[in-house]
Amino acid sequence: SSYGYFGGGGTPSPVSRVDRIDFSNETMSFRGNILPQAREHLAGCSSSSYGYFGGGEAPPQVTTVDRIDFSNETTSAPGNNLTQSRRELGALSSSSYGYFAGGESPKRSTIDRIDFSNETVSDVGDLSQARDELAGVSSSSYGYFGGGGTPSIQSTIDRIDFSNDTTSVPGTGLTQARSDAAAVSGSFYGYFAGGYNPGVKSTIDRIDFSNETISAPGNNLPQGRGGLAACSSSSYGYFGGGTPAAFSNVTLVDRIDFSNET
């Protein structure tokens, strides 16, 4: 509730670095505690007490799940890993579980669930199509995995029902097919930003959790880029890093205000 954490990535070689953004004043700092394993193309989800970084490429691609303790910012490997090695996967959280979906290589459709109460990991189903480079948002009832590649770039959104872990395609897709985007969730809407198809995109798509309609609110990222990551407070979403052009990673952090979508 107080901080967001960006972990791992490529510079272009994989790193174990963890950066923290303080939601109270938006200062960014490097934490002395780092991931036990340097890797890129990983994904993250969080409970109220811990954050979990899963999968990625060290190389090779891995099943590793690393945990950061929000009370003291120590990082550890709890020992329960993904059921399949994968990179370029997507992740989202409910109040009780975290879900890691898709990825490669090869293309994956599998959804792994981590139980926040005991950190066990299990395979709970599949996406409607195997794909990588997808992103996830969540309401209190559903999670939504959007975009990605099959290898053709998709606009598809898959929905997972948190009450029974069933997946479906609600019929609405992103306004623009893209892969390697990032996503944040507010109380009423989810936002998918950036990505590739085929060049970098600055587009932000909004999903209305009340009726699952997709729209483009009109305020986009100041700079198009793919391969970025995201975290959110109750008031703002933050999109960090990414690549606006080949081999030109950035440190940029963009903020979306959930109250007015600027």
Side-chain angles (χ1 to χ4, degrees), residues 41-46 52-57 61-65 80-94 96-115 120-185 190-197 201 205-209 212-214 226-230:
H41 305 309
L42 66 171
C45 63
S46 55
Y52 300 89
F53 295 100
E57 184 172 23
Q61 64 189 37
V62 296
T63 62
T64 307
V65 175
N80 297 315
N81 294 324
L82 301 179
T83 63
Q84 293 176 308
S85 65
R86 56 180 107 175
R87 62 186 182 189
E88 297 176 343
L89 64 168
L92 53 82
S93 310
S94 72
S96 301
Y97 303 100
Y99 297 86
F100 295 92
E104 66 160 11
S105 147
K107 305 289 184 187
R108 308 283 193 192
S109 62
T110 313
I111 300 173
D112 283 349
R113 185 187 73 183
I114 183 169
D115 187 326
T120 56
V121 179
S122 54
D123 178 346
V124 295
D126 293 281
L127 301 170
S128 62
Q129 55 188 181
R131 62 192 200 271
D132 61 359
E133 297 181 341
L134 64 170
V137 297
S138 54
S139 70
S140 58
S141 300
Y142 301 100
Y144 301 88
F145 290 103
T150 62
S152 61
I153 297 175
Q154 302 293 310
S155 62
T156 305
I157 293 178
D158 285 349
R159 182 184 70 190
I160 184 166
D161 187 327
F162 293 147
S163 67
N164 56 19
D165 290 336
T166 57
T167 55
S168 59
V169 179
T172 52
L174 301 177
T175 64
Q176 186 179 53
R178 56 190 138 146
S179 62
D180 225 359
V184 294
S185 306
Y191 300 87
F192 295 88
Y196 299 107
N197 186 17
K201 303 298 181 184
D205 283 350
R206 181 185 71 188
I207 182 169
D208 187 326
F209 293 144
E212 297 180 335
T213 56
I214 306 291
L228 61 172

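Throughout, residue positions are numbered sequentially from 1 according to the sequence presented. Computed from a prediction, not measured in an experiment: that's the story for all the values here.
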Are any of the side-chain heavy atoms of [X] and [Y] separated by less than 4.5 Å?
{"X": "D158", "Y": "Y144", "answer": "no"}
{"X": "S85", "Y": "V62", "answer": "no"}
{"X": "T63", "Y": "T83", "answer": "no"}
{"X": "L127", "Y": "L134", "answer": "yes"}
{"X": "V137", "Y": "L92", "answer": "no"}
{"X": "I111", "Y": "F100", "answer": "no"}

Spacing of [X] atom [atom1] and [Y] atom [atom2] [to the nearest 0.5 Å]:
{"X": "D132", "Y": "H41", "atom1": "CG", "atom2": "NE2", "result": "10.0 Å"}
{"X": "I114", "Y": "C45", "atom1": "CD1", "atom2": "SG", "result": "6.0 Å"}
{"X": "L89", "Y": "Q84", "atom1": "CG", "atom2": "CD", "result": "10.5 Å"}
{"X": "F162", "Y": "S93", "atom1": "CZ", "atom2": "OG", "result": "8.0 Å"}
{"X": "S105", "Y": "E88", "atom1": "OG", "atom2": "CD", "result": "9.0 Å"}
{"X": "N197", "Y": "Q154", "atom1": "CG", "atom2": "CD", "result": "10.0 Å"}

Are S94 and S96 close enough, and set up right, to give a side chain to side chain donor-acceptor pair (under 3.5 Å), and what steps lead you there? CA-CA 5 Å; S94 72; S96 301; 5.1 Å; no
Using atom types as modelled and distance alone, determine if a side-chain donor or acceptor of R86 lies under 3.5 Å from a backbone N or O of T110. yes
So does V124 get a backbone contact from the side chain of S122, meaning a donor-acceptor N/O pair under 3.5 Å? no
Pair E212 + R159, salt bridge at N-O below 4.0 Å: yes
Shortest non-hydrogen contact from [X] to [Y]?
{"X": "V65", "Y": "N80", "value": "CB-O, 3.6 Å"}
{"X": "L82", "Y": "V121", "value": "CA-CG1, 4.1 Å"}
{"X": "G44", "Y": "A91", "value": "O-CB, 3.5 Å"}
{"X": "A230", "Y": "V184", "value": "CB-CG1, 3.4 Å"}
{"X": "A135", "Y": "A181", "value": "CB-O, 3.7 Å"}

With sequence neighbours excluded, what pairs up with R87 under the salt bridge (charged side-chain N to carboxylate O under 4.0 Å, His left out) test? E57, E104
With sequence neighbours excluded, what pairs up with D126 under the salt bridge (charged side-chain N to carboxylate O under 4.0 Å, His left out) test? none
Answer with yes or no whether the side chains of Y97 and D165 bring together a donor and an acceptor at under 3.5 Å. no
Do T156 and Q129 have a side chain donor and acceptor closer than 3.5 Å? yes
